[in-house]
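One structure below.
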Amino acid sequence: PGAVTVGSPVGLVGTETLNLTGQADDLSSANAATYATTVRYTAADGEDGGLASNYTVTPTAGVSATIAPKPLSISSPTIADKTYDTTTAAGTLIVGQLSGLVGSETLLVSGVASPLSSANAGSYNDVTVTYTLANGNTGIAANYTLADSANVTAVVNPVNLTIGAPTIARKDYD
């Protein structure tokens, strides 16, 4: 668990003080979540005549300790150009490379691009990619977070039309 902040002791005699430090017991898991633990205290002599040997400090059970998910980063995603097709769906998304994993852990990452603001041909730089993390061979997805990528560019190319064999009307010499 993280560092323990010790509260003020209750029950000291007179104006005596003690210097208290606290240590939390090991948590039941190393994964991101909130756990109940017990804090055990060590007392040292304080000022104003506070002798540690005159006091006992009872451990505090049921203290909440939280392991927060670790934020990851990802290299820039890319969206393949697509040809105009009347839909606002972006082209094929290629998610970037994850970084920030602990040790040799691995995760799977997938992404979905937001719809384009128009189906028309053009360049759109307002696409947001939303990611989903999944357990990998060694990593647990709940131990990590990954922020969405905003302002990703997507391009819709115009359709290249072909024309069937043209004919030209016959005319007399003039």
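- Criterion: ILVMFWY side-chain heavy atoms under 4.5 Å apart, direct or through other members. Under it, Val63 and Leu20 are part of a common hydrophobic cluster.
- A distance of 3.5 Å separates OG in Ser29 from OH in Tyr35, rounded to the nearest 0.5 Å.
- The same ILVMFWY cluster, assembled from side-chain heavy atoms under 4.5 Å apart, contains both Val129 and Leu72.
- Although no hydrogens or angles enter the test, the distance criterion places a donor-acceptor pair under 3.5 Å between the side chain of Thr17 and the main chain of Glu47.
- Once rounded to the nearest 0.5 Å, the distance linking OG1 of Thr87 with CG of Leu116 reads 7.5 Å.
- Ile79 places none of its side-chain heavy atoms less than 4.5 Å from the side chain of Thr153.
- Annotation for Pro77 and Tyr131: closest pair CG-OH, 3.3 Å, computed over non-hydrogen atoms.
- Residue Arg40 is tested with Thr58, Asp25, Thr60 for a side chain to side chain donor-acceptor pair (under 3.5 Å); the sole match is Asp25.
- At distances below 3.5 Å, at least one donor-acceptor pair connects side-chain atoms of Asn143 with backbone N or O atoms of Ala32.
- Between Tyr84 and Ala121, the shortest heavy-atom distance links the atoms CD1-N, 4.3 Å.
- Between the CD1 atom of Ile74 and the CG atom of Asp148 there is a distance of 10.5 Å, given to the nearest 0.5 Å.
- Between Ala119 and Thr88, the shortest heavy-atom distance links the atoms N-CG2, 3.8 Å.
- A 4.5 Å side-chain heavy-atom check between Tyr41 and Pro9 finds every atom pair outside the cut-off.
- Here the closest non-hydrogen pair linking Tyr124 and Ser117 is CD2-OG, 3.5 Å.
- The shortest heavy-atom contact between Ala113 and Val127 is CB-CG1, 3.8 Å.
- Listed here is the closest heavy atom pair of Ser123 and Val155: OG-CG2, 4.0 Å.
- In the hydrophobic clustering of ILVMFWY residues, with side-chain heavy atoms under 4.5 Å counting as a link, Val159 and Val156 come out together.
- Within 6.0 Å of the CG atom in Asp85, the count of heavy atoms belonging to other residues, nucleotides or ligands exceeds 12.
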Quiz: residues 90-112 side-chain donor-acceptor pairs under 3.5 angstrom, not counting sequence neighbours:
residue: Ser99; atom: OG; partner: Ser73; partner atom: OG; Å: 2.7
residue: Glu105; atom: OE1; partner: Tyr144; partner atom: OH; Å: 2.3
residue: Thr106; atom: OG1; partner: Asn137; partner atom: N; Å: 3.2

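- Using modelled atom types, one side-chain atom of Ser114 and one backbone atom of Thr128 make a donor-acceptor pair closer than 3.5 Å.
- The backbone N or O of Thr83 sits nowhere less than 3.5 Å from a side-chain atom of Asn157 that would complete a donor-acceptor pair.
- Both Val4 and Val57 are assigned to one and the same hydrophobic cluster, defined by single-linkage of ILVMFWY side chains at heavy-atom distances under 4.5 Å.
- Put simply, CG on Leu18 and OG1 on Thr42 are 12.0 Å apart, with the number rounded to the nearest 0.5 Å.
- With hydrogens and angles ignored, the 3.5 Å screen pairs no side-chain donor or acceptor of Asn151 with any backbone N or O of Asp126.
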